[in-house]
Amino acid sequence: MIPMVNLKAQYAEIQAEIEQGLQETIANCSFILGPNVQAFEQEAAAYLGVKHAIGVASGTDALHLALIAEGIGPGDEVITTPFTFIATAEAIKYVGATPVFVDIDPKTFNIRPDAIAQAITPKTKAVMPVHLFGQPADMLGIQKICQAHGLKLIEDCCQSFGASIDGKQTGGLGDSAGFSFFPSKNLGAFGDGGLATTNSDETAAKIKMLRNHGSNVRYYHDAIGFNSRLDEMQAVILRVKLKRIEQYNQGRRRAAHLYSSLLADLPLETPYEDGMGVHVFHQYTLLSDRRDDLMQALQAAQIGCAIYYPVPLHQQNVFKAECAGVKLPVTESVAARCLSLPICPSLSDENIQRITDVIRQTLSV
Ligand SMILES: *Cc1c(COP(=O)(O)O)cnc(C)c1O
């Protein structure tokens with residue numbers, strides 16, 4: 001069996017260091033916002049090249065708290081992509097705002113600046129691009145539109161830890177951003193976790209206050225906040241993995257490039273790297289008109305594969321009514337043809353060969 005991600009192989013390499021760190025934390029009993037959360041926030045901010053990084057309970061919460069801190073609320077419209085995980089739009093709904101879905105680029109699967117520009121109304125307050133599958137969205141184009149129209153720019157970096165454009169990492173390219181440490185993400189915890197980032201002192205102070213019951217000083221509350229802190233045990237694990245994130249992302253890029261060279265002559269579309277930024281391949285996603293045949297063949301060969309995402313957000317039951325009449329042809333076509341293959345730093349060349357052999361054989365009949 002070749003799984004989508006092999007977390008066990010990664011753990012085997014760092015087990016001793018993680019167990020030592022966890023034992024120290026258990027012995028210290030400093031479980032909430034302890035020294036490891038603080039250290040991780042500093043280390044992550046330094047790595048990402050951003051002024052503030054605030055540990056929170058999940059990627060969804062990071063986006064939610066960032067939206068509140070940016071002042072987005074009821075009646076506001078936030079332009080985003082329909083081709084993403086539901087949490088992007090959930091965070092927008094939590095603050096009472098309306099997600100406005102615009103169509104994507106057929107090659108990068110990210111939202112297009114020209115589609116954003118066309119969707120702006122007097123109610124538009126923010127744009128939330130997703131760096132889907134680890135490839136940065138066209139941030140130069142999106143920044144220009146946000147500046148011209150006075151819109152907040154909040155990046156969904158849940159799939160892009162370590163991705164960059166011109167040496168500048170995602171997470172520092174807008175007003176604020178949210179990262180996820182869900183176990184299968186490029187930087188994954190052993191449970192849920194998230195990070196909000198910003199270069200604004202004011203926004204950082206608000207997010208810090210909101211994640212801890214609206215409090216800066218214990219038992220004094222300035223707002224209705226949340227219980228949304230990054231767990232100290234998760235911070236121990238994340239510190240160990242953060243030291244190796246470059247190596248992990250290199251491993252993903254190596255795997256992706258080998259896949260693409262082995263699949264190059266086949267009638268399918270391998271992932272496009274737009275060259276504007278560094279793609280960190282959270283997913284390796286191809287397009288094929290015979291997607292369902294490929295899926296069946298891979299499953300029969302005990303090879304993991306998945307459809308990210310089978311139903312675009314504007315067609316989900318939860319958004320059907322409010323998106324009635326919305327047609328996003330590129331998104332719909334991509335959702336009908338996309339297939340993600342196993343990818344993680346430890347995926348061996350032999351396994352990549354095996355996987356591409358199954359694809360080759362399937363497409364030859
Ligand atoms: C994983 C993910 C999220 C949510 O992160 P959680 O930590 O699971 O809450 C949000 N947006 C995108 C694009 C994601 O991939």
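Just so you know, ligand 1 is whichever comes first in the structure, and atom 1 is the first atom listed for that ligand. As the structure is a computational prediction, the values presented were derived from the model and not from experiment.
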Table of N or O contacts for ligand 1, cutoff 3.5 Å:
residue	atom	partner	partner atom	Å
ligand 1	5 (O)	Ser180	OG	3.3
ligand 1	7 (O)	Gly59	N	2.8
ligand 1	7 (O)	Ser180	OG	2.6
ligand 1	9 (O)	Gly59	N	3.4
ligand 1	9 (O)	Thr60	N	2.9
ligand 1	9 (O)	Thr60	OG1	2.5
ligand 1	11 (N)	Asp156	OD1	3.4
ligand 1	11 (N)	Asp156	OD2	2.8
ligand 1	15 (O)	Gln159	NE2	2.9
ligand 1	15 (O)	Lys185	NZ	3.0

Which pairs, with at least one residue in residues 254-279 and sequence neighbours excluded, count as a salt bridge (Lys or Arg N to Asp or Glu O under 4.0 Å)?
-> Arg253-Glu273, Arg254-Asp349, Asp265-Arg360, Glu269-Arg337
Rounded distance [0.5 Å steps], CD1 in Ile237 versus CZ in Arg239 | 12.5 Å
Any residue meeting ring-ring contact (aromatic ring centres under 6.0 Å, His included) with Tyr47, in chain and number order, not counting sequence neighbours = Phe161
Trace of the ring pair (Phe, Tyr, Trp, His ring centres under 6.0 Å) decision for His64 with Phe226 = CA-CA 11 Å; His64 180 199; Phe226 301 86; 5.0 Å; yes
With no hydrogens and no angle check, do the side chains of Asn28 and Glu24 hold a donor and an acceptor under 3.5 Å apart?
-> no
Using atom types as modelled, flag every donor-acceptor pair under 3.5 Å from a side chain in residues 5-12 to any protein atom, sequence neighbours excluded.
residue	atom	partner	partner atom	Å
Asn6	OD1	Lys8	N	3.3
Asn6	OD1	Ala9	N	3.0
Gln10	OE1	Lys241	NZ	2.8
Tyr11	OH	Glu19	OE2	2.9

